[in-house]
Amino acid sequence: MSGTGEVALCDKPCKVKRVTRSLMAFVHSSSFTSSPFRAFPNLKTPSFLSRSTFPLHNLLTRRRSSLTASDVSFTWDDAVRISQPEALPDDPSDLRGYSDRIKACNRGVEMQSEFRPFVIEDQIVGYIHNRFAENLRSYRDVFTFLPGKVTLHSSLSSAEDRTRAVGDVIKSLGEELIPGIRNELYPVTSAFGAPVYFSLERAAAPYFGIKAYGIHMCGYVEKDGKKFLWVAKRSQQKPTYPGMLDHLVAGGLPHGVACGDNVVKECEEEAGIPSSISRGAVPVGAVSYMDINGYSYKRDVLFCYDLKLPESFMPENQDGEVESFKLIPVTHVANIIRRTQFFKPNCSLVIIDFLFRHGYISPECFGYLDLLQSLRSGSCS
């Protein structure tokens with residue numbers, strides 16, 4: 001779906017209603033830290049209304065909350081309003097909002113003892129929750145249970161045999177236990193670049209706790225000495241995080257595809273960026289996180305890329321996964337990250353990394369090094 005109808009250069013601040021005394025009182029009396037993963041206050045709060053008159057403070061996050069798909073209903077106008085510097089009397093040098101976004105991707109460390117190692121050829125390739133593992137016991141020709149760990153049956157000696165056998169189990173378990181099956185394979189390995197033991201359905205990756213890798217690209221424009229980021233709004237039809245904000249381009253790293261080639265492929269599919277431009281994307285590092293939620297154990301590494309785009313470029317989605325795009329000043333994107341949970345959670349990490357690298361977060365800010373270090377809370381291996 002083309003997003004050109006939604007595109008706007010936000011070089012002139014949109015009009016924002018003055019903060020009322022009641023809102024000022026709310027801001028000063030409320031904490032802006034929040035638990036993962038929710039864009040709005042609580043389950044009793046009505047879904048976000050698609051109108052600009054919705055009270056500004058209802059855009060904010062609060063404590064003790066978690067994201068549900070029905071909560072994520074906001075418009076570009078809502079995002080732009082909350083992004084304005086004058087929308088809230090907060091301090092841009094206060095890094096706690098960024099810290100909250102990072103914590104939202106690194107939950108459940110206290111639950112690690114509930115998982116057992118998934119071992120292949122004496123290498124730990126993942127972690128499986130003890131209760132989820134019970135679903136695998138009946139597949140005795142595929143999984144072998146040893147004291148304190150799970151491995152594959154000794155008869156499955158080749159990557160092809162393992163991929164087929166485990167794939168059949170995933171299909172048998174079905175959507176009830178492993179929702180969102182995509183028929184896309186991730187490599188199962190002990191570390192990036194290490195030998196691949198077999199390939200696993202992408203949706204099953206967190207249930208087996210394997211290392212998963214992705215590419216995330218920040219597409220930016222320089223205009224009149226200021227930097228702007230292209231931001232995508234995910235399609236409401238997406239099975240995960242529908243309607244939330246996202247990078248211009250991002251995607252998982254499938255088996256057998258190099259990072260740079262994947263960037264070029266995703267650029268074309270998600271934003272209509274031709275290879276003549278996308279091959280200029282610069283690799284700038286990686287962020288990582290470890291998130292435990294129920295039976296899911298995510299150990300993800302995201303390879304980060306920057307791409308400077310011409311002012312005249314207009315993204316156009318090709319695969320139906322993006323509803324629309326908007327070009328927003330980097331400082332305003334930072335405000336959205338600090339003040340809300342409108343972005344898909346792991347995208348916040350990549351944008352915070354961008355803010356560090358482009359000088360929007362400085363060493364003078366209290367907690368600078370702690371925040372920088374927390375962007376790699378997971379194992380970068």
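Just so you know, these numbers come straight off a predicted model, no measurement behind them.
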Novice: Per the salt bridge (charged side-chain N to carboxylate O under 4.0 Å, His left out) rule, what does the pair list look like for residues 134-151, sequence neighbours excluded?
Specialist: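 Residue pairs with at least one partner in residues 134-151: Glu134-Arg137.
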Novice: State plainly whether the residues Lys238 and Glu321 are in salt-bridge range, i.e. N to O under 4.0 Å.
Specialist: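 A salt bridge is present here (some side-chain N lies under 4.0 Å from a carboxylate O).
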Novice: Which residues pass the side-chain contact (heavy atoms from CB on, under 4.5 Å) test with Pro239, not counting sequence neighbours?
Specialist: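 Result, side-chain contact (heavy atoms from CB on, under 4.5 Å) vs Pro239: none returned.
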Novice: Establish, from distance only, whether the side-chain atoms of Asp306 and Tyr220 form a donor-acceptor pair under 3.5 Å.
Specialist: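 Tyr220 and Asp306 do not have a side-chain donor-acceptor pair below 3.5 Å.
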Novice: State plainly whether the residues Arg234 and Asp246 are in salt-bridge range, i.e. N to O under 4.0 Å.
Specialist: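 Between Asp246 and Arg234 there is a salt bridge, with a charged N closer than 4.0 Å to a carboxylate O.
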Novice: Does either side chain, that of Glu364 or that of Ser362, offer a donor lying less than 3.5 Å from an acceptor on the other one?
Specialist: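 Side-chain D/A pair, Glu364 to Ser362: present.
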Novice: Are any of the side-chain nitrogens in Glu222 or Lys308 under 4.0 Å away from the carboxylate oxygens of its partner?
Specialist: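 Salt bridge flag = yes for Lys308 with Glu222.
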Novice: Got a salt bridge between Glu311 and Lys226, using NZ or NE/NH1/NH2 to carboxylate O under 4.0 Å?
Specialist: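 The answer is no: the pair does not qualify as a salt bridge.
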Novice: Please confirm whether Tyr207 and Tyr295 have ring centers closer than 6.0 angstrom.
Specialist: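 No - the distance between ring centres of Tyr207 and Tyr295 does not fall below the 6.0 Å cut-off.
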Novice: With sequence neighbours left out, what residues match Ser296 under side-chain hydrogen bond (donor to acceptor under 3.5 Å, both in side chains)?
Specialist: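 Listed in chain order: nothing, the list is empty.
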Novice: If we ignore angles and hydrogens, is there a donor and acceptor under 3.5 Å between the side chains of Asp291 and Asn293?
Specialist: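 There is no such pair between these side chains.
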Novice: I'd like to check the side-chain contact (heavy atoms from CB on, under 4.5 Å) partners of Ser172; sequence neighbours left out, ordered by chain and number.
Specialist: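 With neighbours one apart ignored, the set is Tyr139.
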Novice: Going by atom types only, do Arg339 and Ser83 share a side-chain donor-acceptor pair under 3.5 Å?
Specialist: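 No pair is found: no donor N or O on one side chain lies under 3.5 Å from an acceptor on the other.
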Novice: Salt-bridged, Lys265 to Glu269, with N to O below 4.0 Å?
Specialist: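 Salt bridge flag = yes for Glu269 with Lys265.
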Novice: Taking only residues two or more places apart in sequence, or in another chain, which ones meet Glu175 in a side-chain contact (heavy atoms from CB on, under 4.5 Å)?
Specialist: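 side-chain contact (heavy atoms from CB on, under 4.5 Å) check on Glu175 returns Pro179, Ile181.
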Novice: Would you call Asp353-Arg357 a salt bridge at under 4.0 Å N-O?
Specialist: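 Yes, charged N to carboxylate O under 4.0 Å.
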Novice: Please collect all ring pair (Phe, Tyr, Trp, His ring centres under 6.0 Å) contacts where either partner lies in residues 155-192, sequence neighbours excluded, each pair once.
Specialist: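 Applying ring pair (Phe, Tyr, Trp, His ring centres under 6.0 Å) to every pair that reaches into residues 155-192, excluding sequence neighbours, yields Phe192-Tyr213, Phe192-Phe303.
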Novice: Measuring from Phe208:CZ to Tyr127:OH, what's the distance to the nearest 0.5 Å?
Specialist: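 Interatomic distance, Phe208 CZ to Tyr127 OH, rounded to 0.5 Å: 15.5 Å.
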Novice: Could you tell me the separation between the CZ atom of Arg101 and the OG atom of Ser348, rounded to the nearest 0.5 Å?
Specialist: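 The OG atom of Ser348 is 6.5 Å from CZ of Arg101, to the nearest 0.5 Å.
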